[in-house]
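Each chain gets a letter, A, B and so on, in the order its sequence line appears, and its residues count up from 1.
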Number of protein chains: 2
Amino acid sequence: MVVVSPKRNRLAERREATRLEILDAAWEVARQDSLAGLTLRQVADRVGMQPPSLYSHFASKNAIYDAMFEQAWRNLLEQVPSWIEQLPNPPRARLIKVAELYFDFAVADLARHQLMNVNIIPNFEPSPQAYAASLEAYSMMRTYLPLSDQDDIDIYTALVSGLGAQQLANDPGGQRWRRLIPRVMTMFADDLGLPRNEPSPPESS
Amino acid sequence: MVVVSPKRNRLAERREATRLEILDAAWEVARQDSLAGLTLRQVADRVGMQPPSLYSHFASKNAIYDAMFEQAWRNLLEQVPSWIEQLPNPPRARLIKVAELYFDFAVADLARHQLMNVNIIPNFEPSPQAYAASLEAYSMMRTYLPLSDQDDIDIYTALVSGLGAQQLANDPGGQRWRRLIPRVMTMFADDLGLPRNEPSPPESS
DNA sequence: GTCTATACACCGATAGAC
DNA sequence: GTCTATCGGTGTATAGAC
């Protein structure tokens with residue numbers, strides 16, 4: 001068993017805590033102002049530091065965006081276990097539930113959604129490590145969907161992200177597209193030829 | 001009949017031509033670099049002016065974005081007449097054709113698509129006049145679609161824009177989502193209960 | 001190691017000469 | 001209408017105190 005020296009541990013923990021503090025501040029700024037319009041001064045003000053001090057924790061502004069990008073996808077990954085408990089077994093109900101869960105996640109935070117799904121920050125490309133988080137989340141979602149064919153997956157992502165994008169753009173905070181999810185997923189399930197009635201469970205009432 | 005003085009007319013035409021020159025340059029910069037990363041110096045360089053001179057034609061950088069926003073939607077409006085000629089009569093075929101035409105329009109220009117559909121520029125809101133152009137295009141599209149219910153329209157826009165957004169984000173220049181349009185539109189047509197076989201035209205072969 | 005202080009190049013925008 | 005000069009603000013980077 002490996003024992004890490006206490007002092008180095010405390011330092012590393014402090015450093016990591018500061019990093020997270022900066023990222024939290026960056027998210028607040030991005031949400032209140034805008035993601036692309038975020039400035040290091042705003043972030044520094046919010047954590048009570050001078051702007052150049054941020055460079056002790058992040059190599060550049062894009063490095064902050066990169067960490068935020070990875071955080072956003074890891075947030076999604078962390079949500080998945082709690083989602084799985086809610087997932088019904090019948091494929092049709094499952095398609096709807098996953099769509100609603102992901103929709104709600106996407107719509108809950110415009111800045112996060114834009115960072116994850118829209119390329120809006122000039123000269124920002126996620127690092128391989130950050131991009132890996134998005135791939136991990138993508139394949140995790142895939143695991144719990146009754147979809148095998150790549151075309152089916154592509155259609156599903158287009159449907160869900162399309163509904164979410166319209167909701168964010170034309171009725172933020174509303175339900176105009178959100179309430180269409182069951183209907184859209186049902187018509188997709190019909191196209192897939194999924195059985196219309198869930199198999200009755202073997203347990204009695 | 002009102003006759004405008006020739007001199008004033010020539011001046012106005014010259015002014016308008018310069019305005020269009022600036023906007024063309026702005027579009028080129030937005031396409032080559034990025035929409036949000038556009039700078040007035042880049043635009044000014046391309047039209048051979050000093051940056052402050054742009055303020056003789058536009059009140060601010062956002063005013064340039066606003067004019068571009070209106071141009072983009074007017075571009076779409078101008079395309080519609082040529083689209084109408086291509087539109088088949090059967091509702092199902094029509095759903096597909098309009099989707100493909102709009103999809104191709106959206107995917108053809110990322111910067112234009114982002115300006116029209118994604119709110120990525122900090123502190124930019126389209127002016128009422130520019131927004132009116134988008135409403136005009138929206139209702140024009142509606143006229144040529146076999147859709148009456150608002151929910152149906154909302155689903156249609158979500159489907160088409162969702163497919164386009166995925167294409168731009170994950171396979172720019174490719175066909176991965178574009179070739180799914182007929183299938184998605186067919187499943188939507190099934191959901192709408194549109195007749196499966198077009199009524200045979202009254203003309204003989 | 002982390003901070004403050006400061007310099008640099010660039011941005012949008014304004015004032016005023018011509 | 002276009003220019004030069006200039007302003008405040010921004011991202012980046014370095015120097016140096018502690």
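For R179(B), the side-chain contact (heavy atoms from CB on, under 4.5 Å) partners two or more places apart in sequence, or in a different chain, are D151(A). Taking the side-chain contact (heavy atoms from CB on, under 4.5 Å) definition, one finds that I84(A) meets it with V80(A), Y144(A), sequence neighbours left out.
In this structure, Y55(A) places its OH atom 13 Å from P of dT10(D), rounding to the nearest Å. Rounded to an integer number of Å, the gap from N62(A) CG to dA13(D) P is 11 Å.
Within 4.0 Å (heavy atoms only), T18(B) reaches no atom of the nucleic acid at all.
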Listed pairs under 3.5 Å, donor-acceptor, residues 101-108 of chain A side chains, sequence neighbours left out:
from, atom 1, to, atom 2, distance (Å)
D104(A), OD1, R178(A), NH1, 2.7
D104(A), OD2, R178(A), NH1, 2.5

Taking only distance into account, with no hydrogens and no angle test, what donor-acceptor pairs under 3.5 Å do side-chain atoms of residues 16-31 of chain A form with protein atoms, sequence neighbours excluded?
from, atom 1, to, atom 2, distance (Å)
T18(A), OG1, R14(A), O, 2.9
T18(A), OG1, R14(A), NH1, 3.4
W27(A), NE1, Q71(A), OE1, 2.7
E28(A), OE1, R46(A), NH1, 2.9
R31(A), NH1, D109(A), OD2, 2.4

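Under the 4.0 Å criterion applied to side-chain N and carboxylate O atoms, R92(A) and D190(A) are assigned as salt-bridge partners. Ion pairing between a basic and an acidic side chain is recognised when a charged N comes within 4.0 Å of a carboxylate O; R74(A) and E70(A) show such pairing. Between D66(A) and K61(A), none of the side-chain N atoms (NZ, or NE/NH1/NH2) sits under 4.0 Å from a carboxylate O, so this pair counts as no salt bridge.
On the nucleic acid side, DNA chain C contacts chain B at distances under 4.0 Å to non-hydrogen atoms, with the end points of that region at dC11(C) to dT14(C).
A donor atom on one side chain and an acceptor atom on the other are not found under 3.5 Å apart for Q79(A) and N75(A).
Across residues 25-53 of chain B, L38(B), T39(B), L40(B), R41(B), P52(B) each have a non-hydrogen atom less than 4.0 Å from an atom of DNA chain C (numbered order).
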